[in-house]
Amino acid sequence: MCRIGAIKSLNYTHPSQALLLMQSQQKGHDNSGFAMIMHDLGGIFESYKHLPTLSMACTDEGLKLAEDILHAAGFQRVMQWVPETNPEPGLDINAMPNYVFETFDYPKAYKRSADQKEKEELLLDMRLKLRAALEEDEQGFVYSFWPDVVTLKEIGDPRDIGTYFNLWEANDRFTARVITAQCRQNTNYDIVRYAAHPFFLQGYTALANGENTFYLKNVEFQRRLHRGYIGFESDSQCFLYSLHYVHRELDWPLSYFKHVITPLPFEDIERRDDREQLLAIRQSLAHLEINGPNTIIGVLPDNTMFTCCDAKKLRPVVIGRSEDTVVVSSEVCGINEVLPDRNWETDIYPNEREVVAISNDLEVKRWKQ
């Protein structure tokens, strides 16, 4: 099984806490990789929250190619952070030559007249263009190009990856208020960096513990829905695309995402006041239903964090909190490491028919399906 975790705090948090959260769950993963997405950035990125940051791993040629494409499109770099790496002998990591996090200002035409939606569509198109250009000869991997978001993915032992990027030592230069992480590469298909959870698209993040046995049905339907639904290197990417489609494209409340992926039985629907809507969902979006054992953690563009389970609760998840931090984890031992002094009696174990969401003021809401 995979192991997943997420931290949402009122304070800026260093990714060493995410590594600590996942380290205690080591027996549940195979040391094949570590990936994380950080939202609501602090440190050196805090002054650039309104501008997009490019997160990628690449060769020297890939870096030049990506920068040339962005400059030709009118993007101007305003800040660059290249993490100091620690290539100790014997580390289990399949490192790329360059890890680059660059913040850009928008092209002049977009700064003058484009609205937020137009900028968001531009950023998606540029990321897709960069990915396609760098895929040739495996020149690089483009994970996100979005304001206030940084993504890191790597193949190897999570402990060694943390050592390589100097992430075990906390500092105030590289922090965020929301961090999602997973310590396992994709093992159902080829091991490639794009297949590592978490997955990101236009402000939405999703990661999962488990499997989606309706993967092929989801893929065939999603490929026709949106130009951003590509890759499908992992069956769990379908969770992200369904979340994006339901919440952004259809503009439905988050609670209806659960009705799409794990619809209620027909006999339960008939007893509901919103039965017409739920029946319409079952008819029109049946190919977005998921099956199999899984737990999902997601983050919305406004940094709301949530979790939900499959319709039979076949994968674990627990939520613990303190006054200033909420942690979601596959196993309670991960929360014990990060929040050892919390009131354990207030821990939440979501059931199979609910969504648990955490707002930016850390209010925990439980929505019954």
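Note: hydrogens, waters and symmetry copies are ignored here, and every other heavy atom, side chains too, is used. Since we're looking at a predicted model, the values are computed, not measured.
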Taking every heavy atom of L339 against every heavy atom of S322, the minimum-distance pair comes out as CD2-OG, 3.8 Å
Q.
Let's go through L243 and T205 carefully: what are the C-alpha distance in whole Å and the side-chain angles of both, what is the deciding distance for side-chain contact (heavy atoms from CB on, under 4.5 Å) to 0.1 Å, and is it a yes or a no?
A. CA-CA 9 Å; L243 173 64; T205 289; over 6 Å; no
Distance col, row S330:OG vs Q182:CD, nearest 0.5 angstrom, shows 8.0 Å
The reported gap from CD1 in I161 to CG in L91 (rounded to nearest 0.5 angstrom) is 10.0 Å
query: Is NZ or CZ of R131 both nearer than 6.0 Å to the six-membered ring centre of Y194 and within 45° of the ring axis?
result: yes
| Considering only heavy atoms from C-beta outward, does the side chain of F141 approach that of K153 to under 4.5 Å? | no
What's the verdict on side-chain contact (heavy atoms from CB on, under 4.5 Å) for F34 and D160, showing C-alpha distance, side-chain angles and the deciding distance?
CA-CA 10 Å; F34 173 75; D160 290 349; over 6 Å; no
State whether the side chain of D148 and the backbone N or O of L41 hold a donor-acceptor pair below 3.5 Å, judged by distance alone. yes
Taking every heavy atom of L207 against every heavy atom of A181, the minimum-distance pair comes out as CD1-O, 3.2 Å
Open item on the list: Atom CD of residue position E267 - does it have more than 12 heavy atoms of other residues, nucleotides or ligands inside 6.0 Å?
Closed with: yes
### Query
NZ of K129: more than 12 outside heavy atoms within 6.0 angstrom?
no
Given the options F221, Y215, Y245, F214, H287 meets ring pair (Phe, Tyr, Trp, His ring centres under 6.0 Å) only with F221
Q: Show your working on side-chain contact (heavy atoms from CB on, under 4.5 Å) between F165 and L152 and close with a plain yes or no.
A: CA-CA 10 Å; F165 289 105; L152 174 67; 3.9 Å; yes
message: Between E220 and K217 (side chain of the first, backbone of the second, donor and acceptor by atom type, cut-off under 3.5 Å), is there such a pair?
response: no
- Does R275 reach the main-chain N or O of I269 with its side chain, forming a donor-acceptor pair under 3.5 Å? no
| Centroid separation F199 to H197 less than 6.0 Å | yes
**OP:** Step through it carefully: locate the ring centre of H259, locate the ring centre of Y256, and say whether they are under 6.0 Å apart.
**Re:** yes
Per side chain to side chain donor-acceptor pair (under 3.5 Å), Y229 is matched among Q222, H244, R223, R224 by H244
Quiz item: Do K313 side-chain atoms and P350 backbone N/O form a donor-acceptor pair below 3.5 Å?
Solution: yes
Q.
Within the structure provided, determine whether M126 and L122 are in side-chain contact (heavy-atom separation under 4.5 Å).
A. yes
Query raised in the report: Under the 3.5 angstrom rule, does the side chain of T85 hit a backbone N or O of P87 as a donor-acceptor pair?
Result: no
Contacts of V260 meeting side chain to side chain contact (heavy atoms under 4.5 Å, CB included) (sequence neighbours excluded), chain-then-number -> V246, W252, I281, L285, L288
Short side-chain to backbone donor-acceptor contact, K258 and C309, under 3.5 Å: yes
Please indicate whether K49 has more than 12 foreign heavy atoms, meaning atoms of other residues, nucleotides or ligands, lying under 6.0 Å from its NZ. yes
Q) Would you say the ring centroid of F75 lies under 6.0 angstrom from that of F145? A) yes
For salt bridge (charged side-chain N to carboxylate O under 4.0 Å, His left out), just list the numbers for D310 and R315, CA-CA rounded to whole Å, side-chain angles, deciding distance to a tenth of an Å, and then say yes or no. CA-CA 8 Å; D310 64 78; R315 283 291 187 269; over 6 Å; no
For R272 and D268, run salt bridge (charged side-chain N to carboxylate O under 4.0 Å, His left out): C-alpha distance rounded to whole Å, both residues' side-chain angles, the deciding distance at 0.1 Å, then the answer.
-> CA-CA 7 Å; R272 305 234 337 186; D268 292 341; over 6 Å; no
Does a donor on one side chain sit under 3.5 Å from an acceptor on the other, for E121 and Q202? yes
Here the gap from L20 atom CG to H14 atom NE2, rounded to the nearest 0.5 Å, amounts to 12.5 Å
- Start with the C-alpha distance between D125 and R227, add both sets of side-chain angles, then the distance that settles salt bridge (charged side-chain N to carboxylate O under 4.0 Å, His left out), and finish with yes or no. CA-CA 9 Å; D125 288 337; R227 69 190 186 283; 2.7 Å; yes
Taken to the nearest 0.5 Å, the spacing of I358 CD1 from T307 OG1 works out to 7.5 Å
Any heavy-atom pair between the side chains of V150 and F45 that's under 4.5 Å? yes
Can any side-chain N or O of D137 pair as donor or acceptor with the backbone N or O of Q139 at less than 3.5 Å? no
CG of D105 to CE of M79, rounded to nearest 0.5 Å, is 13.0 Å
Just wondering, more than 12 heavy atoms not from R173 lying within 6.0 Å of its CZ?
no
> Side chains of R342 and N336: do they bring a donor and an acceptor to under 3.5 Å?
Replying inline: yes
query = Under 4.5 Å between any side-chain heavy atoms of C58 and L65, yes or no?
reply = no
- Mark yes when over 12 heavy atoms from residues, nucleotides or ligands other than K312 sit less than 6.0 Å from its NZ; otherwise mark no. no
Sorted by chain and residue number, the side chain to side chain contact (heavy atoms under 4.5 Å, CB included) partners of R77 (sequence neighbours excluded) come out as E67, Q80, E102, F104
Any heavy-atom pair between the side chains of L63 and M56 that's under 4.5 Å? yes
Practice task
Quick one: do F174 and L167 satisfy side-chain contact (heavy atoms from CB on, under 4.5 Å)? Show the steps, please.
Solution key: CA-CA 9 Å; F174 188 43; L167 293 179; 4.1 Å; yes
Applied to residues 339-369, the ring-ring contact (aromatic ring centres under 6.0 Å, His included) test, sequence neighbours excluded, yields none
> Judged by atom type as modelled, is there a donor-acceptor pair below 3.5 Å linking the side chain of T13 to the main-chain atoms of N11?
Replying inline: yes
A cation-pi test, strictly: NZ or CZ of R193 under 6.0 Å from the centre of the six-membered ring of Y143 and no more than 45 degrees from its axis. Yes or no?
no
| request: Please indicate whether D273 has more than 12 foreign heavy atoms, meaning atoms of other residues, nucleotides or ligands, lying under 6.0 Å from its CG. | output: no
**Message:** Looking at Q277, I want to see if its CD is surrounded by more than 12 non-hydrogen atoms of other residues, nucleotides or ligands under 6.0 Å.
**Reply:** yes
Contact check, side chains of R353 and T262, non-hydrogen atoms, under 4.5 Å:
yes
- Among side-chain atoms of E154 and Y164, is any donor-acceptor pair under 3.5 angstrom? no
Discussion item. Closer than 3.5 angstrom, by distance alone: can the side chain of R282 be matched with the main-chain N or O of L264 as a donor-acceptor pair?
Written reply: yes
Check: How about N303 and N360: does a side-chain donor come under 3.5 Å of a side-chain acceptor?
Finding: no
Looking only at atom types and distance, does a side-chain atom of Q283 sit under 3.5 Å from a main-chain N or O of A280, one as donor and one as acceptor?
no
So CG of L54 and CG of L70: to nearest 0.5 Å the spacing works out to 6.0 Å
Indicate yes or no: at least one non-hydrogen side-chain atom of I261 is less than 4.5 angstrom from one of I296.
yes
Exercise. If you group Ile, Leu, Val, Met, Phe, Trp and Tyr by side-chain heavy-atom gaps below 4.5 Å, do Y12 and L19 land in one group?
Worked result: no
Is W146 close to S55 at the side-chain level, that is, under 4.5 Å between some pair of heavy atoms? no
